[in-house]
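None of these values were measured; they are calculated from a predicted model.
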Amino acid sequence: MKNETLPDAAERERAALASIGALLIDSGKLSPADAERVLRHQRLTGLRFGEAALQLGVVAEADIRQALSRQFDYPCLLPGDPRVAAEVVAAFEPHGAVVEQLRALRSQLLLRWFDRSERRALAVVGSQRGEGRSFMAANLAVVFSQLGERTLLVDADLRHPRQHKLFGCDDRQGLAALLAGRELPEAVQRVPGLLGLSVLPAGPTPPNPQELLTRAFTPRLLDWARSHYDVVIVDTAAARPCADALTVAAQAGGALLLAQRHASELADTRRLVDQLRAAGATPVGAVMNEY
């Protein structure tokens with residue numbers, strides 16, 4: 001009986017691996033003729049389909065990784081996709097060292113903050129501009145969505161917004177318009193190719209961001225977001241020149257502090273921790289950004 005089942009098992013494995021070939025053909029990375037060559041080489045060598053294709057030189061390693069991501073339902077984009085900026089590395093490089101570190105941070109946040117239903121929103125804060133808050137917020141939102149979490153990325157930096165540029169969003173509608181009384185559904189935008197990820201851009205830059213963010217509608221907005229999404233990541237303005245970040249973090253409940261290696265000052269970070277606690281926000285953790 002054992003010898004009779006082995007060919008079937010081997011055939012099933014070949015079929016599963018060959019499906020990578022189908023994905024590569026569908027994406028235009030592999031021609032049908034080259035796929036036949038790979039299958040013949042695979043039978044001769046006993047290699048997996050991807051290994052055989054790489055050995056023959058008919059595809060690049062990045063193509064194999066992309067096909068594997070699609071096969072295992074792990075949403076990511078092809079390198080160079082113009083819809084999302086290259087800065088959002090988690091959308092393009094699921095196997096890169098930076099993304100592995102982002103996944104490790106995601107695990108810590110799941111354990112330390114997103115372990116309760118009322119803890120679904122987290123603000124990314126920092127003392128000064130250029131520390132990488134937008135980079136961190138964008139990539140964290142992507143890795144949470146890749147885990148299968150319904151994720152909303154909110155750009156609450158009403159002074160120097162960037163998320164609409166990173167994700168190619170229409171910024172004519174956004175958070176500023178909502179705070180001024182516009183309707184919500186028109187402003188929230190899905191990110192094509194990244195299932196489960198939506199973005200609420202900042203919208204047009206208002207003359208009174210601090211006043212808008214302190215209005216009662218902001219807590220109602222976050223309550224709505226918590227009821228519709230598993231994870232809400234909020235990008236904020238630099239905390240040292242204005243109080244916007246403290247206002248947003250207090251309403252979100254938790255804050256992830258970001259500092260830039262060789263640039264941020266320790267005294268500023270300590271002061272920000274004290275200010276967050278005084279505002280009623282929980283400092284969930286701190287990250288030293290090197291990118």
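Sorted by first and then second residue, the ring pair (Phe, Tyr, Trp, His ring centres under 6.0 Å) pairs with a member in residues 188-210 form an empty list; sequence neighbours excluded. Residue pairs meeting the ring pair (Phe, Tyr, Trp, His ring centres under 6.0 Å) criterion with at least one partner in residues 154-180, sequence neighbours excluded, do not occur; the list is empty. The ring pair (Phe, Tyr, Trp, His ring centres under 6.0 Å) pairs that include a residue from residues 105-147 are F114-F144, where partners are two or more places apart or lie in different chains.
R83 and P192 get closest at one heavy-atom pair: NH1-CB, 3.2 Å. Shown here for A255 and L122, the closest heavy-atom pair between the two residues is N-CD1, 3.6 Å. When every heavy atom of A91 is checked against every heavy atom of L194, the shortest pair comes out as CB-CD1, 4.0 Å. R159 and A237 get closest at one heavy-atom pair: CD-CB, 4.4 Å. Considering all non-hydrogen atoms of both residues, P209 and L158 come closest at CB-CB, 3.7 Å. Taking every heavy atom of both residues into account, E131 and S264 meet most closely at OE2-OG, 2.5 Å.
For the pair R133 (side chain) and Q128 (backbone), a donor-acceptor distance under 3.5 Å is present. Listed for the T151 side chain is no donor-acceptor partner under 3.5 Å among the backbone atoms of L197. Side chain of R106 to backbone of V143: a donor-acceptor contact under 3.5 angstrom is found. Side chain of Q163 to main chain of S134: a donor-acceptor pair is present (N/O by atom type, distance under 3.5 Å, no hydrogens or angles). Between the side chain of Q189 and the backbone N or O of D170 there is at least one donor-acceptor pair closer than 3.5 Å. R120 places a side-chain N or O within 3.5 Å of a backbone atom of S117 that can act as its donor or acceptor partner. A distance-only check finds a donor-acceptor pair linking the side chain of D155 to the backbone of R162 [under 3.5 Å]. A side-chain donor-acceptor contact under 3.5 Å links H228 to the backbone of W224. A donor-acceptor pair under 3.5 Å is absent between the side-chain atoms of Q275 and the main chain of A239, judged by distance alone.
You'll find the side chain of V88 reaches within 4.5 Å of the side chain of N139, heavy atoms only.
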- Task: Give the C-alpha distance, both sets of side-chain angles, the deciding distance and a yes or no for side-chain contact (heavy atoms from CB on, under 4.5 Å) between R112 and R119.
- Result: CA-CA 10 Å; R112 296 172 181 268; R119 292 179 175 178; over 6 Å; no

- Item | Full working for side-chain contact (heavy atoms from CB on, under 4.5 Å) between Y229 and V188 | CA-CA 12 Å; Y229 294 90; V188 177; 3.5 Å; yes

- Message: One pair to check against salt bridge (Lys or Arg N to Asp or Glu O under 4.0 Å): D268 and R271. What are the steps and the verdict?
- Response: CA-CA 5 Å; D268 285 343; R271 188 180 304 112; 2.8 Å; yes

- Message: Working note: L30 + V58, criterion side-chain contact (heavy atoms from CB on, under 4.5 Å); need CA distance, chi angles, decisive distance, verdict.
- Response: CA-CA 7 Å; L30 186 68; V58 294; 3.7 Å; yes

- Task: Kindly indicate, with the supporting measurements, whether the criterion side-chain contact (heavy atoms from CB on, under 4.5 Å) is fulfilled by L109 and L140.
- Result: CA-CA 10 Å; L109 292 174; L140 270 181; 4.0 Å; yes

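To the nearest 0.5 Å, the span separating OG1 on T247 from CD on E211 amounts to 10.0 Å. To the nearest 0.5 Å, the span separating OG on S127 from CD on Q260 amounts to 12.5 Å. Rounding to the nearest 0.5 angstrom, the gap separating the CG atom in L175 from the CG atom in L221 is 6.0 Å. The structure places OG of S31 at 7.5 Å from CD1 of I25, a figure rounded to the nearest 0.5 Å. L246 CG to Q251 CD: the interatomic distance, rounded to the nearest 0.5 Å, is 11.0 Å. Going from atom CZ of R103 over to atom CD of Q108 covers 15.5 Å, rounded to the nearest 0.5 Å.
In the hydrophobic clustering of ILVMFWY residues, with side-chain heavy atoms under 4.5 Å counting as a link, V142 and L110 come out together. Hydrophobic clustering, with ILVMFWY side chains joined whenever heavy atoms are under 4.5 angstrom apart, groups M136 together with V98. Neither V284 nor V273 shares a network with the other; the hydrophobic side chains, linked directly or stepwise wherever heavy atoms of I, L, V, M, F, W or Y lie under 4.5 Å apart, form separate groups for each. By the criterion of side-chain heavy atoms lying less than 4.5 angstrom apart, applied directly or through intervening Ile, Leu, Val, Met, Phe, Trp or Tyr residues, L152 is grouped together with V248 in one hydrophobic cluster. When the side chains of ILVMFWY residues are joined at heavy-atom separations under 4.5 Å, either directly or via intervening members, L212 and V125 end up in two distinct hydrophobic clusters.
Annotation for R270: atom CZ does not count as buried by contact number, only 12 or fewer foreign heavy atoms lying within 6.0 Å. In this structure, R150 places its CZ atom where more than 12 heavy-atom neighbours from other residues, nucleotides or ligands lie under 6.0 Å away.
A side chain to side chain contact (heavy atoms under 4.5 Å, CB included) with L179 holds for exactly one of T214, L213, N208; it is L213. Of the residues L105, V234, I233, the one that meets the side chain to side chain contact (heavy atoms under 4.5 Å, CB included) test with L256 is L105.
Salt-bridge formation is detected for the pair D223/R226: a Lys NZ or Arg NE/NH1/NH2 atom is positioned less than 4.0 Å from an Asp or Glu carboxylate oxygen.
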